[in-house]
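Below is one structure; the comments refer to it alone.
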Amino acid sequence: MTTEEKYMARCIELARLGAGHVSPNPMVGCVIVYNNTIIGEGYHQKHGQAHAEVNAINSVTDAEKLKESTIYVSLEPCAHYGLTPPCSNLIIQKQIPRVVIGSIDPFAKVAGKGIEKLQNAGVEVKTGILKKECDELNRRFFTFHQKQRPYILLKWAQTTDGFIDVERSAENYGEPTWITGPRALLRVHQMRAEEDAIIVGTNTAEKDNPSLTVRLIKGKNPLRIVLDRELRLNKKLNLFDNSTETIVFNALKNHTHNKTEFIKIDFSAQLLPQMLEVLHQKNVLSLIVEGGRQLLHTFIDAGLWDEAHVYTGHMQFGSGIKAPSLPGTTGQSESIGKDKLVIYRNTAI
C-alpha cells in the first residue's frame with residue numbers, strides 16, 4: 001500500500017463512522033497531512049451538519065500549516081450550496097494547495113464540478129486513489145443517483161433444509177417463527193439501523209406482527225413499509241403503533257394519519273417501479289426487503305436487488321414454506337454464533 005493509499009484507507013475508516021446517520025448524503029472521511037503527518041481528521045457525522053472536510057479543517061490547531069498540506073477525502077468535495085456551503089470553497093479559502101480524492105461524486109450538482117472549481121483556483125487535484133474501495137463504501141449513494149432507485153438488500157432466515165417458515169393457521173399468527181439465535185438477531189437490528197427503509201408484505205405483517213424497529217441496539221429506526229392492497233390489516237398490529245414513520249402501499253387511498261402514510265398505487269400494473277419511484281422521491285437510499293417469500297421473489301424475479309443477506313439456522317422443519325432461491329450466485333460466508341450468514345451480490349446488474 002502506497003502512502004497515499006494509506007491516508008485514503010484512513011478516510012474510509014473514518015467515513016464508516018457515519019453509517020446510519022448521514023443518509024441521504026454519502027459517508028465521507030477526510031484527513032489532512034502536513035510533512036507526512038496527519039494534523040487533522042474528520043467525517044460527515046450527521047445529515048444536515050458539517051461535511052467531512054469542514055470537520056477535518058476545524059480539527060487542525062495551526063491553520064497556517066494548511067497552506068502547505070494535502071487534504072485527502074474519500075469523495076469529491078461538493079461544489080453547490082445545499083444544507084451547508086460548498087466544501088470546495090472552503091478548501092480554496094484556506095489555501096490548501098493539494099487535494100487527493102477517492103471517488104468522483106455521481107450527484108449531478110457535484111459530478112466533477114468540485115474538482116473543476118479547485119483546479120480553476122490553482123489547486124493540484126489527484127483522483128482515483130482506492131477508487132474501488134471508495135465506490136464500495138458509498139454503493140447505496142451511487143445506486144440511488146445512477147439508477148434512480150434505492151439500493152435493495154434482500155434478507156431472510158432459513159433452516160438447514162431450506163424452509164423459511166412452517167405452514168401456519170390463523171391461531172398461530174402474531175409471532176415470527178424463530179430460526180436463528182440472539183446474535184443473528186442483533187446483527188439484523190444493526191442492519192436495520194444502518195439502512196433507510198424496510199418492507200414486508202401483507203402476509204408477513206399478519207402472520208409475524210413485526211415491529212421492524214431497532215429495539216435491541218442503539219440507533220435510528222428505518223422507515224417501515226408494508227404492502228396492503230385492500231387495507232385489510234388489523235390496525236392493532238405493531239406496524240401501526242406510531243413509534244416510527246410508516247408507509248402503507250395500497251389500492252384505495254392517499255391519506256396520512258399520525259406517523260402512517262397511506263400511498264395509493266396501481267396494483268394492475270407493475271408494483272416495484274411504482275414503489276421504488278416513491279422511495280426515490282423521498283430520498284430513501286436503501287431498502288431492506290424482509291419478507292415473505294412472495295415479496296422476496298417479486299424482487300428476485302425482476303432482477304431488482306443488489307445484496308441478499310441469507311441467515312441459516314441449525315434447525316430443520318422437514319416441510320413448510322420454501323426459502324427463495326438465488327440461482328447462479330456465490331456469496332461471502334461468516335459464522336454468527338451457531339448460525340451462518342451468507343451475503344450475495346447481484347452481479348447481473
Side-chain angles (χ1 to χ4, degrees), residues 8-9 12-13 15-16 18-20 22-24 26-29 74-75 102-107 128 130-158 160 162 164 179-180 183-184 186-200 222 225 272-273 275-276 279-280 284-313 322-336 339-349:
M8 190 60 69
I12 293 171
E13 185 179 13
R16 288 198 180 104
V22 301
S23 182
M27 294 178 282
V28 183
S74 55
L75 186 70
S103 294
I104 307 301
D105 196 320
F107 182 36
L130 294 187
K131 179 183 182 300
K132 181 179 178 182
E133 292 84 351
C134 290
D135 288 355
E136 170 73 9
L137 170 73
N138 280 310
R139 57 193 183 276
R140 294 158 181 79
F141 183 74
F142 276 67
T143 296
F144 181 84
H145 287 288
Q146 292 172 342
K147 299 184 178 180
Q148 308 297 299
R149 65 163 174 82
Y151 189 86
I152 298 168
L153 306 100
L154 312 180
K155 176 264 165 187
W156 71 84
Q158 63 186 34
T160 55
I164 60 172
I179 294 174
T180 53
R183 287 180 60 183
L186 280 172
R187 179 68 170 268
V188 169
H189 280 231
Q190 183 63 47
M191 179 186 183
R192 290 177 182 175
E194 293 181 359
E195 309 302 343
D196 283 358
I198 183 168
I199 185 170
V200 295
I225 305 167
L272 298 191
M275 295 191 295
L276 294 178
L279 298 182
H280 185 263
V284 173
L285 256 61
S286 59
L287 172 67
I288 304 170
V289 183
E290 193 158 304
R293 176 186 163 86
Q294 182 179 343
L295 182 61
L296 285 162
H297 255 298
T298 300
F299 281 87
I300 294 169
D301 294 344
L304 277 170
W305 63 280
D306 299 285
E307 294 181 21
H309 292 226
V310 181
Y311 292 82
T312 301
K322 290 289 290 183
S325 59
L326 294 169
T329 55
T330 57
Q332 292 188 322
S333 175
E334 63 178 286
S335 296
I336 303 178
D339 306 314
K340 183 176 77 170
L341 168 63
V342 181
I343 299 177
Y344 300 91
R345 290 289 184 91
N346 187 355
T347 58
I349 58 174

Do side-chain atoms of [X] reach the backbone of [Y] as a donor and acceptor pair under 3.5 angstrom?
X: S74; Y: G29; answer: yes
X: R139; Y: E136; answer: yes
X: R192; Y: P222; answer: no
X: R293; Y: A323; answer: yes
X: D306; Y: L153; answer: no

Write down the atom of [X], the atom of [Y], and the distance for their closest heavy-atom approach.
X: T160; Y: G313; value: CG2-O, 3.0 Å
X: L130; Y: A9; value: CD1-N, 3.6 Å
X: A197; Y: V284; value: CB-CG1, 3.8 Å
X: C134; Y: G102; value: SG-CA, 3.7 Å
X: D196; Y: L285; value: OD2-N, 2.7 Å
X: W305; Y: L326; value: CZ2-CD2, 3.7 Å

Student check: side-chain heavy atoms of [X] and [Y] closer than 4.5 Å:
X: L287; Y: I199; answer: yes
X: N346; Y: F299; answer: no
X: Q158; Y: I179; answer: no
X: I152; Y: L276; answer: yes
X: R149; Y: L304; answer: yes
X: W156; Y: P324; answer: yes
X: R140; Y: P26; answer: no

If I take atom [atom1] from residue [X] and atom [atom2] from residue [Y], how far apart are they, to the nearest 0.5 angstrom?
X: F142; Y: I104; atom1: CZ; atom2: CD1; value: 8.5 Å
X: K155; Y: M191; atom1: NZ; atom2: CE; value: 8.0 Å
X: L279; Y: I225; atom1: CG; atom2: CD1; value: 4.5 Å
X: I336; Y: T312; atom1: CD1; atom2: OG1; value: 10.5 Å
X: E194; Y: R16; atom1: CD; atom2: CZ; value: 10.5 Å
X: D301; Y: L296; atom1: CG; atom2: CG; value: 10.5 Å

Original post:
In chain order, what residues pass the side-chain hydrogen bond (donor to acceptor under 3.5 Å, both in side chains) check against T143, with sequence neighbours excluded?
Top reply: none
Original post:
With sequence neighbours left out, what residues match D339 under side-chain hydrogen bond (donor to acceptor under 3.5 Å, both in side chains)?
Top reply: none
Subject >> salt bridge (Lys or Arg N to Asp or Glu O under 4.0 Å) partners for R187, two or more places apart >> reply: E334
Should we say atom [atom1] of [X] is surrounded by more than 12 heavy atoms from elsewhere, each under 6.0 Å from it?
X: K340; atom1: NZ; value: no
X: Q146; atom1: CD; value: yes
X: Q148; atom1: CD; value: yes

Subject >> Stepwise side chain to side chain contact (heavy atoms under 4.5 Å, CB included) check, N138 with M27 >> reply: CA-CA 6 Å; N138 280 310; M27 294 178 282; 3.7 Å; yes
**OP:** Check the side chains of Y151 and E195 for a donor-acceptor pair under 3.5 angstrom, ignoring hydrogens and angles.
**Re:** no
